[in-house]
Amino acid sequence: MNFFEHQDKARKQSTRLLFLFLLAVSAVVFFTAIVITGTLTYFQTQGFLSNASSHMGYWAALLHNPILLWSLLGTLIFIILGSAFKALQLGGNGIQVALAMNGKHVHPDTHNPDYQKLLNIVTEMALASGNPVPKVFVMPGAAINAFAAGFNRHQTVVAVTEGALTQLSRNELQGVIAHEFSHINFGDVKINMRIVALLHGILLIGIIGRYIAWGSYGHYGHRSSSRRNSKQAGLGFALMAIGFTGTFFGNLIKAAVSRQREYLADASAVQFTRNPDGIANALKKIAQGPDATLESSHAEEFSHFYFSSLRLTGVQNFFSGLLATHPEIDKRIERLGHTLTLDIRNPPHHATQANNTAQPNSQVMGFARAAEPASRATFTSTIHTIDNNRPSQSPSAQYATLKASNIIDSIGNPTHSNLDAAQAHLASLPTLLVDACSNPFSARALIYGLLIQATAKKYHSAQLDHLKTHAHPETVKTLQQLQPAIAQLNPQNFYPLLLLAEPTLQDQSTQQADTFQDCAKALIKVDNQLSLLEWAIYRLAVAPLRQFKNSRQKNLQDCQSALNVLFYYTLSLTEPAQRAPLLAQAEKHLRLTITKPQKVSLNALDGAMNSIAQLKPLSKPALIKALIACIIGDGEVTEEETTLLRMVALILDCPIPERFGL
């Protein structure tokens, strides 16, 4: 199954998931309403129930009671509001999940060597797969575990436990992180977040029941009070049973959705790292390690996020086959071609770290040089022979022997060659600029510098004057320090810097973000024209790629007018004599006739991409193939064309791995 088929399956799976949860909610709503109606009616008048039982039967009277309708509506609204509240509480990103698990944010300036090693692995894998670099968290506890969470790839976090950092070698930790990036690449993290929100509404029924039940024992005085409290306790325990029953069936659905994806993530991790021993040995250490649990009261709530399942005991263990969100570890290990016996050649953590420090490669990620001087070579411990000049190749050289099918197959399926390319590209970037990505002031200065560099030199003085008047003085001062290094950059190096800076730019306050956006717009408008590079920088750094509420339900035919704009703009980047045959190739892939729109401009393209971003997953390959045909069909690939391809792919939620460069 390729990336696009997986996206389509995930979309259909989300629909089925919603349907199954609606069935569970319907059952919970009905039985809760029955309990509430029966209890309230009994409290109001025992005569009604007694009389009803002699005439039309207890249940018939209950079902015809007007209180039942209000109970049904009230319970349904309660569950919907509970789920909506949880979705809002999660805030559209994985940060709240990490904080709920007592995670601590790992800042790039950290001097902890284990934390720096983790940051290096996450960064190189994000860039290798073409993803923005996620925020990184570390959770307390000796358990070996990890997760990725977020509603989209631009708001995702990666978290690991302290136990994973101290007990796993670098190769093993890399395998675990590669597994989590598979969930990010294939959109599994979005489904996981939806499951949490949906389950929360049902869970609230049980929580309310528990408060009612335990609260009923707080005040005993008169006999009548005791009777009333007993009835209240009965209502509470009934709601607890209904709520936890709903949660039980919800967990069954959660487990069924989660299990099969773990095998795919394991296989993708092996392809990414080219090292099945890493992830297999990590699983062995989990299987043979102590019975450690995650140190959070929310551990069960997010159980389907984790690299390995929680260990269940007691009654839960009886249902472990049904409720397990992950396949059994021994089966996962077998699929990786290993047995459960731990490879004795796999050294312990500290020995591995010592060996890694002995690696000879001295070219490393900029921000890590200052933070991890003693173990710096851990960043490149998996690199054997890398052509460090590869990132500086011209786009034409990179695409000379490339076919559209190669790019399509690489999307969502990064390999070790992509990892090598990302590591080499990072090593070639100026240390000063990579370090700038980790601080809000310097990250803003970096983006300003990239926008200035994308503009003709004669406008630079006016751009700097505007920043001196409107931007923060510290940012302007930092920009002046960064400009010499930025001036030496090739435009293809802009893209990884933008992906590195994205998590830091998300930390801006509302006022800072508004000022940042205003200044960026002013820098772009100074020459009264918008270049493709400026548009790319703005979409990535200033106005993060927008997420649409509808689930990309459009076919190519539905986007006809938007496609007209996209392809005529793409053709405008080629020689006029080449445009007709290139357009014919594009139409062949699209199976549509592309007509000239009224206006061909970047502003029109920006609006067109909002429509194209809503394409169904299985419509995306034809679009990307058609776009590639326009770009490589004339045998000459410019930096502008490469920029456009990367941006369109990212807006389509189909990031192209690092090997193809920007």
Kindly indicate whether the side chain of [X], heavy atoms from C-beta on, has any atom under 4.5 Å from the side chain of [Y].
X    : Y    : answer
T570 : V648 : no
R261 : I191 : yes
N171 : N281 : no
P491 : T642 : no
E639 : F494 : no
H589 : I624 : no

**Report entry** Pair Q116, N120: side-chain N/O donor-acceptor within cut-off below 3.5 Å
**Finding:**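 Yes - a donor-acceptor pair under 3.5 Å links their side chains.
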Query raised in the report: When you check the side-chain N and O atoms of N112 and T110, is any donor under 3.5 Å from an acceptor?
Result: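 Short answer, no.
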Report task. Mind checking side chain to side chain donor-acceptor pair (under 3.5 Å) for Q508 and listing every partner two or more places apart, or none if nothing turns up? Result ->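 Partners of Q508 by the side chain to side chain donor-acceptor pair (under 3.5 Å) criterion, ordered by chain and then number, come out as R444.
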What residues, two or more places apart in sequence or in another chain, satisfy side chain to side chain contact (heavy atoms under 4.5 Å, CB included) together with [X]?
X    : value
L573 : L532, Y569, E640, E641, L644
A649 : I656
A146 : V160, V176, E180, F307

Requested in this report: For side-chain contact (heavy atoms from CB on, under 4.5 Å), just list the numbers for V637 and L645, CA-CA rounded to whole Å, side-chain angles, deciding distance to a tenth of an Å, and then say yes or no.
Outcome: CA-CA 11 Å; V637 180; L645 174 62; over 6 Å; no
Query raised in the report: In chain order, what residues pass the ring-ring contact (aromatic ring centres under 6.0 Å, His included) check against F302, with sequence neighbours excluded?
Result: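 Once residues adjacent in sequence are excluded, the partners of F302 under the ring-ring contact (aromatic ring centres under 6.0 Å, His included) criterion are F305.
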Requested in this report: Could you check R335 against D266 for side-chain contact (heavy atoms from CB on, under 4.5 Å), going step by step and ending with a plain yes or no?
Outcome: CA-CA 9 Å; R335 288 208 180 191; D266 287 344; over 6 Å; no
Donor-acceptor pairs are to be reported for all side-chain atoms of residues 135-144 against protein atoms at under 3.5 Å, with residues two or more places apart or in another chain.
residue, atom, partner, partner atom, Å
K135, NZ, P503, O, 2.8
K135, NZ, D507, OD1, 2.7
K135, NZ, D507, OD2, 2.9

Requested in this report: Please report the closest heavy-atom contact between L650 and R153, naming both atoms and the distance.
Outcome: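 Looks like CD1-CD, 4.4 Å.
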Report summary line: Shortest non-hydrogen pair, A128 vs P414, comes out as O-CB, 4.3 Å
**Report entry** Between CG on residue D114 and CG on residue L119, distance to nearest 0.5 Å
**Finding:** 11.0 Å
Query - Cation-pi check, R646 onto Y495 ring (under 6.0 Å, within 45° of axis) - result: yes
